[in-house]
Amino acid sequence: RQPMKLTWLGHSCFAVESGGYRVVLDPYYVESYPPLHTSANEVLCSHHHRDHDFVEAVELTPRGDSPFTVETVQAFHDDQGGALRGTNTIHVLAAEGLRVVHLGDLGHELSGEQLAPLRGCDALLIPVGGFYTIDAETARRVADAIAPRVIVPMHYRHGSHGYDVIATVEDFLRLYPADEVHCLDGSSFELTPDAPRGVIVPRFMG
């Protein structure tokens, strides 16, 4: 089996690659980030706000056969049934016996029905910054309910990047033992069936 490669491109945007096929999730336009420029065989967006569906930033390359199966789970961008910010689509990508869950701009804790297809995934990409999404404490409860092997926080402010009203990643990392948190020197890592459990924090390289 081939490993799956995950690359954090900033904000909530990730590239997930397997067998030479590249999927980009939630490409963004955010003024405090450098302009995003990347390429992919396929683009998936959780909802239609320009910090998550700026597809103009992604150059599409010929598709060929995708190794990924993609499932979706419908959720909301807020804790009031979508009344504030609308709906939010969770994407589940599976290939090579591995499953990656991208929660998009999740704004609430999940029901049992929503959790069922997500539980025990290999990597969970989860918003932690609060204000527009779940905050650190809620993210910890959601992550505990899903019980992934690897947790990757997203949608937080770091340095001059990200929205002023959202928190930094430290609030979330504080909720885990220090030896379970792995801060990377680069933006990518390989996901394998025996990857150690814990929180992985890729570095923004833009």
Side-chain angles (χ1 to χ4, degrees), residues 4-18 21-28 30 40-55 58 66-156 166 169 172 191 199-202:
M4 205 184 277
K5 183 181 178 186
L6 276 68
T7 304
W8 184 48
L9 299 173
H11 200 47
S12 293
C13 183
F14 284 82
V16 182
E17 297 172 78
S18 181
Y21 191 93
R22 179 175 164 102
V23 179
V24 165
L25 295 124
D26 281 22
Y28 58 86
V30 177
N41 303 100
E42 189 175 349
V43 180
L44 300 172
C45 301
S46 60
H47 63 291
H48 295 301
H49 291 167
R50 70 177 182 165
D51 61 324
H52 292 264
D53 78 340
F54 196 64
V55 295
V58 185
S66 172
F68 292 101
T69 58
V70 180
E71 283 183 71
T72 58
V73 175
Q74 294 308 312
F76 296 104
H77 197 327
D78 54 62
D79 59 3
Q80 297 179 35
L84 293 179
R85 298 191 179 93
T87 57
N88 175 70
T89 300
I90 296 168
H91 288 96
V92 184
L93 279 70
E96 300 290 338
L98 298 166
R99 281 190 306 143
V100 174
V101 171
H102 186 289
L103 290 179
D105 262 5
L106 183 67
H108 59 93
E109 293 189 50
L110 297 167
S111 68
E113 187 180 357
Q114 290 167 320
L115 285 168
L118 313 180
R119 281 197 177 103
C121 63
D122 294 281
L124 177 67
L125 315 179
I126 185 168
V128 301
F131 196 82
Y132 298 113
T133 70
I134 52 176
D135 60 12
E137 282 82 8
T138 311
R140 171 74 206 238
R141 290 195 298 272
V142 170
D144 286 350
I146 294 173
R149 272 189 316 118
V150 171
I151 298 164
V152 186
M154 63 181 185
H155 207 280
Y156 55 84
I166 63 179
V169 73
F172 181 70
L191 184 65
V199 180
I200 292 181
V201 187

Please determine whether side-chain contact (heavy atoms from CB on, under 4.5 Å) holds for the pair Tyr28 and Arg50, giving the CA-CA distance in whole Å, both sets of side-chain angles, and the decisive distance to 0.1 Å.
CA-CA 6 Å; Tyr28 58 86; Arg50 70 177 182 165; over 6 Å; no

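- For His77 and His108, the ring centers sit 6.0 Å or farther from each other.
- For His102, there are no side-chain hydrogen bond (donor to acceptor under 3.5 Å, both in side chains) partners at least two apart in sequence or on another chain.
- For residues 88-110, every residue pair satisfying the salt bridge (Lys or Arg N to Asp or Glu O under 4.0 Å) rule, not counting sequence neighbours, is listed here: Glu109-Arg141.
- Shown here are the ring-ring contact (aromatic ring centres under 6.0 Å, His included) partners of Tyr21, two or more places apart in sequence or in another chain: there are none.
- The salt bridge (Lys or Arg N to Asp or Glu O under 4.0 Å) pairs that include a residue from residues 74-91 number zero, where partners must be two or more places apart or lie in different chains.
- Distance CD1/Ile166 to OG1/Thr133: 7.0 Å, rounded to 0.5 Å.
- Pairing each heavy atom of Asp51 with each of His155, the nearest pair is OD2-NE2, 3.9 Å.
- Taking 4.5 Å as the limit, some side-chain heavy atom of Cys45 sits within range of a side-chain heavy atom of Pro27.
- At least one side-chain heavy atom of Val199 sits under 4.5 Å from a side-chain heavy atom of Phe172.
- Scanning all heavy atoms of the two residues, the minimum distance from Pro153 to Ile151 falls at CD-O, 3.8 Å.
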Thr87 and Phe76: side-chain contact (heavy atoms from CB on, under 4.5 Å), yes or no, with the steps?
CA-CA 4 Å; Thr87 57; Phe76 296 104; 4.2 Å; yes

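- Ile90 has its side chain within reach of Val101: a pair of non-hydrogen atoms, C-beta onward, lies under 4.5 Å apart.
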For a side-chain contact (heavy atoms from CB on, under 4.5 Å) check, start with the C-alpha distance between Val55 and Val43, then their side-chain angles and the critical distance, and finish with the verdict.
CA-CA 7 Å; Val55 295; Val43 180; 3.8 Å; yes

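- Residue Gly107 comes nearest to Ile134 through the heavy atom pair C-CG2, 3.7 Å, listed as atom of the first residue, atom of the second, then distance.
- Applying the ring-ring contact (aromatic ring centres under 6.0 Å, His included) criterion to Tyr132, with sequence neighbours excluded, gives Tyr163.
- Taking the side chain as every heavy atom from C-beta outward, Val70 and Leu44 approach each other to under 4.5 Å.
- For Ser46, the side-chain hydrogen bond (donor to acceptor under 3.5 Å, both in side chains) test picks out Asp26, with sequence neighbours left out.
- Of all the heavy atoms in Pro202 and Val152, the pair that sits closest is CD-CG1, 3.7 Å.
- Side-chain contact between Leu118 and Leu110 is present, with at least one heavy-atom pair separated by less than 4.5 Å.
- Sorted by first and then second residue, the pairs that involve residues 116-125 and meet salt bridge (Lys or Arg N to Asp or Glu O under 4.0 Å), not counting sequence neighbours, are Asp122-Arg149.
- Applying the ring-ring contact (aromatic ring centres under 6.0 Å, His included) test to His91 and every residue at least two apart in sequence or in another chain returns nothing.
- Looking at heavy atoms from C-beta onward, Val142 lies out of side-chain contact with Arg140 at the 4.5 angstrom threshold.
- A distance of 6.0 Å separates CD1 of Ile126 from CD1 of Ile146, quoted to the nearest 0.5 Å.
- Remark: Asp135 engages no residue in a salt bridge (charged side-chain N to carboxylate O under 4.0 Å, His left out) (not counting sequence neighbours).
- Between His52 and His47, the ring-plane angle classifies as tilted under the 30° and 60° cut-offs.
- Annotation: side chain of Leu6 is in contact with side chain of Leu125 (closest heavy-atom distance under 4.5 Å).
- With sequence neighbours left out, the side-chain hydrogen bond (donor to acceptor under 3.5 Å, both in side chains) criterion links Gln74 to Thr89.
- Closest of all the heavy-atom pairs between Pro148 and Ala143 is CD-O, 3.3 Å.
- To the nearest 0.5 angstrom, Phe68 atom CZ is 5.0 Å from Ser18 atom OG.
- Put simply, the side chain of Val16 reaches to within 4.5 Å of the side chain of Leu25, judged on heavy atoms.
- Annotation: ring-ring contact (aromatic ring centres under 6.0 Å, His included) contacts of Tyr156 (sequence neighbours excluded): Trp8, His158.
- Nearest heavy atom pair, residue Leu191 against residue Leu98, reads O-CD1, 3.3 Å.
- Considering CZ of Phe54 and NE2 of His48, their distance stands at 15.0 Å, rounded to 0.5 Å.
- Applying the side-chain hydrogen bond (donor to acceptor under 3.5 Å, both in side chains) test to Thr69 and every residue at least two apart in sequence or in another chain returns nothing.
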